[in-house]
**Student:** 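I have a structure I would like to understand better, so I am pasting it below and will then ask my questions one at a time.
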Amino acid sequence: MDRKPAPAAKGAPIAGGALLALSLIVGTVIGVLRGQPSLGFIGGLGVGLALLLIVALADRARNRG
């Protein structure tokens, strides 16, 4: 059986997990300073997920050509 190797990606994927982790930490710190750590965590999660989505879409567009 001859198997053809899978075509190589045009570049290494961009990781957005660090942005998510950083936004969670920053959101929690801002929430603590304002007396609402849970709300800060949720806000940081929302911002982090938005950034993660932007990075994923940009990476997908970059790899498509």
Side-chain angles (χ1 to χ4, degrees):
M1 290 180 122
D2 288 332
R3 291 190 184 192
K4 293 182 182 178
K10 293 182 181 176
I14 301 172
L19 291 174
L20 178 60
L22 183 63
S23 66
L24 286 171
I25 293 169
V26 170
T28 303
V29 169
I30 290 173
V32 166
L33 294 175
R34 293 183 174 226
Q36 294 289 330
S38 297
L39 191 58
F41 181 83
I42 298 299
L45 179 62
V47 170
L49 288 175
L51 290 173
L52 189 66
L53 181 63
I54 290 168
V55 168
L57 291 175
D59 186 47
R60 185 175 181 183
R62 181 179 66 107
N63 283 333
R64 277 196 176 177

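Computed from a prediction, not measured in an experiment: that's the story for all the values here.
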**Student:** Which residue, Val55, Leu51, Leu57, forms the side chain to side chain contact (heavy atoms under 4.5 Å, CB included) with Leu53?
**Tutor:**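 The option that passes is Leu57.
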
**Student:** With clusters built from Ile, Leu, Val, Met, Phe, Trp and Tyr whose side-chain heavy atoms come within less than 4.5 Å, directly or transitively, what are the remaining members of the cluster of Leu22, listed by chain and number?
**Tutor:** Val26, Ile30

**Student:** Show which residues join Leu24 in its hydrophobic cluster (side-chain heavy-atom contacts under 4.5 Å, direct or indirect), or state none.
**Tutor:** Leu20, Phe41, Ile42, Leu45, Leu49, Leu52

**Student:** Please report the closest heavy-atom contact between Ser23 and Gly48, naming both atoms and the distance.
**Tutor:** OG-CA, 3.0 Å

